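Have a look at the structure below, then the notes.
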Amino acid sequence: MSSGVKVGKDCTDKFEELKMGKKYRYILFKLNDKLTQIDVDYCSPRDATYDDMKTQLLAIGEERHCRYGVFDLEFDFNGKQKQKLAFISWAPENSILKEKMVYTSSKDYLKKALQLVNDLQATDAEELSIECAIERCSRGMKD
């Protein structure tokens, strides 16, 4: 299902600041009120943690809303420090149905604009865990 949703230019600009400039630890993206464009919702300070993002997403979920996120994840893999950009699609089970459908059908537009491959689809706190993010980001990695 194609949603026809556009990706705002600010999304790619802020993403480049995270990726190349290491200005942020994570960015949250949201659909506008008309569900026609993806915009930047929040840019975290560089010293933010994965738990900070998880707490923020869980609070958004309690309000029955969805979000996308990109987290600059640093983790240990077989004794070596690794870094990957984790794309997160947060669509809690209790979210507003129409919104959830548009988020689900639009995530590939944002992933393509940001040139990201991996993604973590989360519907609850367990799926949103850092362990799930690391597992997803480390798939196919070699020493």
Side-chain angles (χ1 to χ4, degrees), residues 1-78 81-142:
M1 178 167 116
S2 177
S3 67
V5 167
K6 307 286 185 228
V7 177
K9 179 160 178 10
D10 199 35
C11 294
T12 53
D13 292 345
K14 294 295 183 187
F15 175 75
E16 285 302 314
E17 290 176 13
L18 177 146
K19 180 180 176 183
M20 303 305 288
K22 301 292 184 187
K23 187 172 180 180
Y24 312 111
R25 177 60 65 188
Y26 67 89
I27 301 172
L28 297 182
F29 304 92
K30 70 175 188 173
L31 285 163
N32 65 9
D33 292 340
K34 294 181 180 179
L35 304 178
T36 57
Q37 180 170 300
I38 301 169
D39 294 315
V40 172
D41 184 33
Y42 177 78
C43 296
S44 78
R46 189 68 191 163
D47 63 351
T49 66
Y50 191 89
D51 280 340
D52 294 335
M53 182 189 67
K54 181 178 176 181
T55 299
Q56 194 172 358
L57 288 173
L58 289 172
I60 290 166
E62 287 176 10
E63 296 173 7
R64 301 184 60 214
H65 294 292
C66 303
R67 288 294 185 276
Y68 305 113
V70 175
F71 191 92
D72 189 0
L73 188 62
E74 297 170 354
F75 58 97
D76 182 75
F77 181 77
N78 292 338
Q81 193 66 16
K82 300 289 185 177
Q83 183 272 333
K84 286 274 191 171
L85 296 174
F87 181 85
I88 296 139
S89 178
W90 173 238
E93 292 180 12
N94 70 332
S95 53
I96 299 164
L97 183 59
K98 181 178 181 181
E99 182 178 315
K100 186 175 187 174
M101 289 173 58
V102 176
Y103 267 86
T104 301
S105 63
S106 302
K107 78 172 182 164
D108 287 336
Y109 291 109
L110 183 58
K111 282 177 57 180
K112 183 176 180 181
L114 303 180
Q115 299 178 359
L116 292 170
V117 178
N118 70 41
D119 71 271
L120 171 66
Q121 298 180 49
T123 60
D124 61 30
E126 185 177 328
E127 292 174 339
L128 197 55
S129 72
I130 193 166
E131 293 81 10
C132 286
I134 290 170
E135 188 275 329
R136 186 72 182 160
C137 286
S138 61
R139 283 186 185 168
M141 288 181 82
K142 303 203 188 303

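Please read these numbers as outputs of a predicted model, since none were measured by experiment.
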I want to check something: taking the side chain as every heavy atom from C-beta on, are Tyr103 and Lys107 in contact at a cut-off of under 4.5 Å? no
So, for Leu57 and Trp90, which heavy atoms are closest and what is the spacing to 0.1 Å? O-NE1, 2.8 Å
Lys84 versus Phe75: any side-chain heavy-atom pair under 4.5 Å? yes
Here the pair of heavy atoms bringing Gly4 nearest to Tyr109 is N-OH, 3.5 Å
Separation of Thr12 OG1 from Ile38 CD1 (nearest 0.5 Å): 11.5 Å
Search all heavy atoms of Lys100 against all heavy atoms of Ala91 and return the closest pair with its distance. CE-O, 3.7 Å
Can you confirm whether Leu116 sits close enough to Leu85 that some side-chain heavy atom of one is under 4.5 Å from a side-chain heavy atom of the other? yes
Do Asp76 and Ile134 have side chains that get closer than 4.5 Å, going by heavy atoms? no
Quick one: CD on Glu135 to OG on Ser129, what's the gap to the nearest 0.5 Å? 9.5 Å
Determine the minimum heavy-atom distance between Cys132 and Leu120, stating which atoms define it. CB-CD1, 4.1 Å
Do you see a donor-acceptor pair shorter than 3.5 Å between the side chains of Asp52 and Thr49? yes
Hey, does Ile60 have a side-chain heavy atom less than 4.5 Å from the side chain of Asp41? yes
Is any side-chain heavy atom of Glu74 less than 4.5 Å from a side-chain heavy atom of Lys82? no
Could you check Phe15, Tyr50, Phe87 and say which one makes a ring pair (Phe, Tyr, Trp, His ring centres under 6.0 Å) with Phe71? Tyr50
Give the table of side-chain donor-acceptor pairs shorter than 3.5 Å for residues 24-32, with sequence neighbours excluded, one pair per line with atom names and distance.
| unit_1 | atom_1 | unit_2 | atom_2 | d |
| --- | --- | --- | --- | --- |
| Tyr24 | OH | Lys14 | NZ | 3.3 |
| Tyr24 | OH | Glu17 | OE1 | 2.8 |
| Arg25 | NE | Arg46 | O | 3.3 |
| Arg25 | NH1 | Asp72 | O | 3.0 |
| Tyr26 | OH | Gln56 | OE1 | 2.7 |
| Asn32 | OD1 | Lys34 | N | 3.3 |
| Asn32 | OD1 | Leu35 | N | 2.9 |
| Asn32 | OD1 | Thr36 | N | 2.8 |
| Asn32 | OD1 | Thr36 | OG1 | 3.4 |
| Asn32 | OD1 | Gln37 | N | 3.4 |
| Asn32 | ND2 | Thr36 | OG1 | 3.1 |

Might you point out which heavy atoms bring Leu110 and Cys11 nearest each other, and give the distance in Å? CD1-CB, 4.3 Å
Minimum heavy-atom separation for Asp39 to Gly8, with atom names? OD1-CA, 4.3 Å
Step by step, would you call Glu127 with Thr123 a side-chain hydrogen bond (donor to acceptor under 3.5 Å, both in side chains)? CA-CA 7 Å; Glu127 292 174 339; Thr123 60; 2.6 Å; yes
